[in-house]
Amino acid sequence: MGKNYYITTAISYPNGTPHIGHAYEFVCADAIARFKRLDGFNTRFQIGTDVHGQKMWQTARDEGVEPQELADRNSDIFQDMTDVLNVSYDRFIRTSDADHHRSSQAIWKAMADNGDIYKDTYSGWYSVRDEAYYAEDETTLSDDGERIGPQGTPVEWVDEESYFFRLSAYEERLLKLYEEQPDFIEPRNRRNEIVSFVKGGLRDLSISRTTFDWGVRVPGDEKHVMYVWVDALTNYITGAGYPDSNDPLWSFWPADVHVIGKDITRFHAVYWPAFLMSAGIELPRQIFGHGFLLNKGEKMSKSTGNVVDPFQMAQTYGVDQLRYFFLRTIRFGSDGSYSHEDIVNHTNADLANNFGNLAQRSLSMIFKNLGGAVGAIQGGEGGLTAEDSALLARADATLAQCRDAINKVVPNEALDAIWGVLDEANRYFDEQAPWGLKKTDPARMQTVLYVTAEVVRQVAILCQAFLPASSGKLLDQLKIEPHERDFAHLGAANRLDPSTVIDKPEGVFPRYVDPEGA
RNA sequence: GGGAGUGUAGCUCAAUGGUUAGAGCCAGCGGCUCAUAACCGCUUGGUUGGGGGUUCGAGUCCCUCCACUCCCA
């Protein structure tokens, strides 16, 4: 096994059902996880739900069910969605899991032992919906006399005993972290925001509540439950076996990257490293805050009714088609826009016409003219023309380009590189015109078909990270054994086996056609 | 109010201060017939948000204005 690689998404708050933004995050993280796995890393990928907090408690109460019941029901839907989207998680954690309670209590104790937790009285305005406290001057009175916070959500006065975390003591250490490890927060502009936030001064953080009991109990003081973010963030080390340093999973910590939405960067880039420093635990290597998906350039919200159901989208366009759209057309880290037209255009132009058709036209010729037998390159490697060699060299070089892109957490650039190969392969196929060679030089035709099939093989292997189901089907058609599908089988050292005999090929990327009357 | 960004072709986006600002999609023309109405070639398309400045040279740096986004208050 190769080096360890640990990647996580944020854990979703299952107060409602998943929306397309969740799907986007899961798919992008999955592409990276799959890529690392194929590239020989001993990879662990965690995803899950954050089921605690006052909001869940209240929603459950409103529905007349137990919080656990609500948590289970909605977490199931989130987990279903990750399965539908072919997301290859190793663990789907739920913060109600027993080991997670143990882990959260352990980190609490570690922080307390370090003298960073003290009990005091908290007085102030609290927004249940934001899970956040606000100062008086951050709130306003709405027209109907209700006090609302800066996000426009109602706040209520609370005056309760609470434990506090000495966040103020970590200001300098955090700034030092951002400076010494400039890629701790990516992309850059979010790093700048966090730096200026911390420079503005940090206040101690209220980290427990007594007004409800849905959460992880504070060790030694049962009437308190932990502030939801304390236990939520801890999920990342729970998944690595914390606090049991003998657990084999502990070798995965520190995580290589936490993939999160840009809205929760502060929790991950300020609170989380402070908690870990306090508890004496290594810090994750990187926090990557991705952008939001906009519907035709507009924010999605329940009030405008433009919220799209990811299950429905997967059904309509196909899972790999949806994954492709997310991964190719949006630079991870920037906001992205989607529309029906955009998705259809990319599905047809890139998947069906470019990749799908290249596979189909080359494999069909092999099936029809060679009885499915791929055959060897005529004359061995020395029999290759300059055009053949150039195309193969380009395909061979693609893995390195993809690695660069994945290490920068920009999958779209990996796909740009792959599609560059496909463009060239279509051009090559056209210029070589094997259908003309059929009569004039059948041996040459066979070499052209071999070279093209080899490029299709390499592209399909690379694409497994992004389009797992379709790529798998293509590799099936090429009779590539499961153990020959990782990245170690790319490049000149492992060409397509000349003894391969394929069956009648079938297209793996259908064109999207709008239903009649739509 | 303070701070950080963004603004480039109809659309989505590229361009260490350095030839004539590029690519994909869309559109138009031509070619091909292996293939999924697919593929290949060519073409149209730009006052780089406006104005000013620095420079031999500015999409890029500076000032200012406009529009939008985000963070903080």
Side-chain angles (χ1 to χ4, degrees), chain A residues 132 134-140 149-151 185 187-203 261-267 269-270 289-294 296-299 325-326 328-370 410 412-413 415-420 422-439 442 445-446 448-449 452-453 456 470 474 504-513:
Chain A
Y134 296 112
E136 175 95 20
D137 61 3
E138 290 181 83
T139 66
T140 50
Q151 310 295 326
I185 307 165
R188 178 59 58 92
N189 58 334
R190 289 200 233 300
R191 176 181 177 273
N192 294 345
E193 284 171 9
I194 292 297
V195 169
S196 64
F197 172 75
V198 174
K199 278 186 177 161
L202 295 173
R203 278 183 292 184
K262 64 180 182 181
D263 55 328
I264 53 175
T265 307
R266 196 206 304 175
F267 299 98
V270 181
H290 65 73
F292 286 157
L293 274 186
L294 308 175
K296 291 182 182 165
E298 293 189 340
K299 266 187 189 170
F325 182 80
F326 287 159
R328 176 77 195 275
T329 69
I330 303 164
R331 183 183 177 83
F332 205 48
S334 305
D335 286 349
S337 186
Y338 72 93
S339 68
H340 173 72
E341 293 73 21
D342 287 341
I343 298 175
V344 170
N345 281 345
H346 280 94
T347 294
N348 290 345
D350 296 352
L351 295 179
N353 298 352
N354 195 332
F355 188 13
N357 187 53
L358 176 71
Q360 188 65 9
R361 66 198 301 209
S362 55
L363 300 189
S364 285
M365 283 201 73
I366 291 171
F367 181 74
K368 287 181 187 167
N369 300 297
L370 301 171
V410 281
N412 64 304
E413 289 185 5
L415 288 166
D416 287 348
I418 294 172
W419 255 257
L422 288 168
D423 286 338
E424 188 162 322
N426 266 313
R427 213 172 299 132
Y428 166 87
F429 202 78
D430 206 69
E431 281 165 6
Q432 301 301 316
W435 53 92
L437 296 169
K438 184 158 64 174
K439 288 170 191 143
M445 173 195 78
Q446 190 257 308
V448 170
L449 294 177
T452 308
V456 170
S470 311
L474 210 41
K504 184 175 176 15
E506 280 181 33
V508 294
F509 294 111
R511 286 180 65 79
Y512 178 89
V513 181

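Since the structure is predicted, the reported quantities are computational estimates derived from the model, not experimental observations. Per chain, numbering begins at 1; letters A, B, ... match sequence-line order.
No contact: Gly200(A) has no heavy atom under 4.0 Å from any strand. Contact annotation for Val195(A): no contact, since no heavy-atom pair falls under 4.0 Å across all strands. The residue Asn357(A) sits close to a base: some heavy atom pair falls under 4.0 Å. Residue contacts shown for Lys368(A) are limited to sugar-phosphate atoms, with no base heavy atom under 4.0 Å away.
Mapping Asn426(A) and Asp263(A) onto RNA chain B by nearest heavy atom places Asn426(A) at the nucleotide closer to the 5' end. Along RNA chain B, the nucleotide nearest Leu351(A) and the nucleotide nearest Thr329(A) are compared for position; the residue whose nucleotide lies closer to the 5' end is Thr329(A).
Rounded to whole Å, atom C1' of rU36(B) lies 13 Å from atom CG of Leu363(A). The distance between atom CD of Glu431(A) and atom C1' of rG41(B), rounded to the nearest whole Å, is 10 Å. Glu424(A) has its CD atom 15 Å from the C1' atom of rA23(B), to the nearest Å. Atom CD in Glu193(A) sits roughly 12 Å away from atom P in rU6(B) (whole-Å rounding). Note: CD1 (Ile185(A)) to C1' (rA4(B)) measures 13 Å, nearest angstrom. Between the C1' atom of rA23(B) and the CG atom of Asn412(A) lies a distance of 14 Å, rounded to the nearest Å. One interatomic measurement links the two molecules: CZ of Phe292(A) to P of rU69(B), which rounds to 14 Å at whole-angstrom precision. Taking atom CZ of residue Arg427(A) and atom P of nucleotide rA38(B), one finds them 19 Å apart after rounding to whole Å.
For Lys199(A) and rG3(B), the shortest distance from a side-chain N or O to OP1 or OP2 is not below 4.0 Å.
With a cut-off of 3.5 Å on both Watson-Crick or G-U wobble distances, the partner of rA37(B) is given as none. Using N1 to N3 plus N6-O4 or O6-N4 for Watson-Crick, or N1-O2 and O6-N3 for G-U wobble, each under 3.5 Å, rC42(B) pairs with rG28(B). The base-pairing partner of rG7(B), taking Watson-Crick or G-U wobble contacts with both distances under 3.5 Å, is rC66(B).
Scanning both residues, Phe509(A) and Leu351(A), for their nearest heavy atoms gives CB-O, 3.5 Å. Closest non-hydrogen pair, Pro187(A) versus Gly289(A), comes out as CD-O, 3.2 Å. The nearest pair of heavy atoms linking Val448(A) to Tyr428(A) is CA-OH, 3.6 Å. When all heavy atoms of Ile185(A) and Arg191(A) are compared, the closest pair comes out as O-CB, 3.6 Å.
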Could you list, one pair per line, each protein nitrogen or oxygen that sits under 3.5 Å from a nitrogen or oxygen of nucleotides 25-32 of chain B, together with the distance?
none

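Nucleotides rC63(B) and rG3(B), compared at atom P, are 12 Å apart to the nearest Å. rC25(B) and rG17(B) have their C1' atoms separated by 31 Å, with the value rounded to a whole Å. rA9(B) sits 14 Å from rA15(B) when the C1' atoms are compared, rounded to a whole Å. Nucleotides rG49(B) and rG41(B) have their P atoms positioned 31 Å apart, rounded to a whole Å. The C1' atoms of rG46(B) and rC13(B) are separated by 15 Å, rounded to the nearest whole Å. rC62(B) and rU47(B) have their P atoms separated by 24 Å, given to the nearest Å. For the P atoms, the distance from rG59(B) to rG18(B) is 10 Å, rounded to whole Å. Here the separation of rC65(B) from rG57(B), taken at their C1' atoms, is 26 Å to the nearest Å.
A distance-only check finds a donor-acceptor pair linking the side chain of Thr265(A) to the backbone of Lys262(A) [under 3.5 Å].
Note on ring orientation: taking the six-membered ring where Trp is involved, the planes of His340(A) and Tyr512(A) are perpendicular (angle over 60°, cut-offs 30° and 60°). Between His346(A) and Phe325(A), the ring planes are perpendicular. Angles over 60° get that label, and only those under 30° would be called parallel.
Atom CD in Glu413(A) sits 11.0 Å away from atom CZ in Arg328(A) (nearest 0.5 Å). Here CG of Leu363(A) is found 11.5 Å from CD of Glu506(A). Values are rounded to the nearest 0.5 Å.
The side chain of Arg511(A) sits closest to rA38(B) out of rA73(B), rC70(B), rA38(B). Nearest to the side chain of Lys262(A), among rC70(B), rA73(B), rA35(B), sits rC70(B).
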